[in-house]
Protein chains: 2
Amino acid sequence: MPDIYRALGDSTRRRILSMLKQENKTQKEIVEAFAISQPAIKKHLNILLEENIITESLKGKYRIYSLNFNVLQITLQEMHQFTGELLDSQLVSLKKYVEKGEVQDEHD
Amino acid sequence: MPDIYRALGDSTRRRILSMLKQENKTQKEIVEAFAISQPAIKKHLNILLEENIITESLKGKYRIYSLNFNVLQITLQEMHQFTGELLDSQLVSLKKYVEKGEVQDEHD
DNA sequence: ATTACATATAACCAATTGGTTATATGTGTG
DNA sequence: CACACATATAACCAATTGGTTATATGTAAT
């Protein structure tokens, strides 16, 4: 359900995630780390929240954001499997080549 | 330079890449595998070409598309490093916890 | 040469994205 | 209570995305 590709699809969001991997951060801290406005950061946080990649908690007037490791782990693992299979196929082609003396069939 | 996140950011494009991992395909074959129009597929192919994730070659009236394994490998490896570091940090936190009896500092 | 087929391109559309500024709301502090 | 600060929300904007239909172009086959 969570769209990890959407979550990772923007470099600001990737930087936010990198920040959060060290320690949880308040929105204020995140905003201060970028050159764009607070509402712009909030929109990125909302996308990450929508995709369940981060969680939000309240502490007085602050909002604290954290990585959602459970979801991250599952979705990244799926993504990694997909990408792994893409590269895998090259090895299969190489194997075929070694065995049968051809790389691709049909088109070349 | 190639934006692998953009390339993978759409499920149609991911399906196209999956198709190409088996064998090279003509545009016609790709179009026939989807329920959307030829120009729509062409746009996706153009994005994959822009990001250098696939290559195009001519064969008579056909256009043959192939995975660009070189670029794929490099960009996916970078992506995987990024995502690996995200999850890694949890292990570091766990390690800290085991060693010092705390998980996070500052915010909780 | 005509026709059929594969692909390209143009014009259009609605929704999403990534940003802005201005302003409202909520919470802690002097 | 009043003010300051952190965050939320609204209204706006330009660019991109993902699709469409209609039509042009290039190549092969009859």
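Naming: A, B, ... by sequence-line order, numbering from 1 per chain.
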Study note, to complete from the structure: Taking C:dG18, C:dG19, D:dT20 as options, the one with an atom nearest any side-chain atom of A:I47 is C:dG18
Check your understanding: In whole angstroms, how far is the C1' atom of D:dA6 from the CG atom of A:L45?
Key -> 13 Å
Point to revise | Euclidean distance, atom CD of residue A:E50 to atom C1' of C:dA15 [Å, nearest integer] | key: 14 Å
Check your understanding: For C:dG18, does OP1 or OP2 lie under 4.0 Å from any side-chain N or O of A:R13?
Key -> yes
Practice item. Please work out if B:K43 contacts a base, only the sugar-phosphate, or nothing of the nucleic acid, heavy-atom cut-off 4.0 Å. Key: base
Review point. Do A:M79 and A:L86 belong to the same hydrophobic cluster, where Ile, Leu, Val, Met, Phe, Trp and Tyr are linked whenever their side-chain heavy atoms lie under 4.5 Å apart, directly or via other members?
Key: yes
Exercise for review: Considering just the side-chain nitrogens and oxygens of A:R63, establish if one lies under 4.0 Å of OP1 or OP2 belonging to D:dA8.
Suggested key: yes
Exercise for review: Give the rounded distance in Å between these two atoms: NZ of B:K42 and P of C:dT7.
Suggested key: 10 Å
**Study point:** Gap between atoms CD1 and P, on B:I41 and C:dA6 respectively (whole Å)
**Key:** 15 Å
Check your understanding: Does B:H44 make a side-chain N or O approach to OP1 or OP2 of D:dT17 shorter than 4.0 Å?
Key -> no
Check your understanding: Which residue lies toward the 5' end of DNA chain C, B:Q38 or A:P39, if each is placed at its nearest nucleotide?
Key -> B:Q38
Review point. Which whole-number value in Å describes the distance from B:E29 CD to C:dA6 P?
Key: 11 Å
Review point. Does B:K61 place a side-chain N or O at less than 4.0 Å from the phosphate oxygens OP1/OP2 of C:dT7?
Key: no
Exercise for review: Would you mind reading off the distance between B:L48 atom CG and D:dT17 atom C1', rounded to a whole angstrom?
Suggested key: 14 Å
Review point. Between the main-chain N or O of A:L48 and the side-chain N or O of A:R6, is there a donor-acceptor pair closer than 3.5 Å?
Key: no
Practice item. Describe the nucleic acid contact of A:E56 in one word from base, sugar-phosphate, nothing, applying a heavy-atom distance below 4.0 Å. Key: sugar-phosphate
Review point. Of the non-hydrogen atoms in B:A7 and B:R13, which two are nearest, and what is the gap between them?
Key: O-NE, 3.1 Å
Review point. Under 3.5 Å, is there a donor-acceptor pair between the A:Y65 and A:Q27 side chains?
Key: yes
Exercise for review: Round to a whole Å and report the spacing from CD1 of B:I64 to P of C:dT7.
Suggested key: 9 Å
Point to revise | Options C:dT7, D:dT7, C:dT17, nucleotide nearest the side-chain atoms of A:Y62 | key: D:dT7
Check your understanding: Between C:dT17 atom P and B:D3 atom CG, what is the distance in whole Å?
Key -> 15 Å
Exercise for review: Check whether any side-chain nitrogen or oxygen of A:S37 sits under 4.0 Å from OP1 or OP2 of C:dT20, and answer yes or no.
Suggested key: yes
Check your understanding: Would A:Q77 and A:Q73 count as having a side-chain donor-acceptor pair, cut-off 3.5 Å?
Key -> no
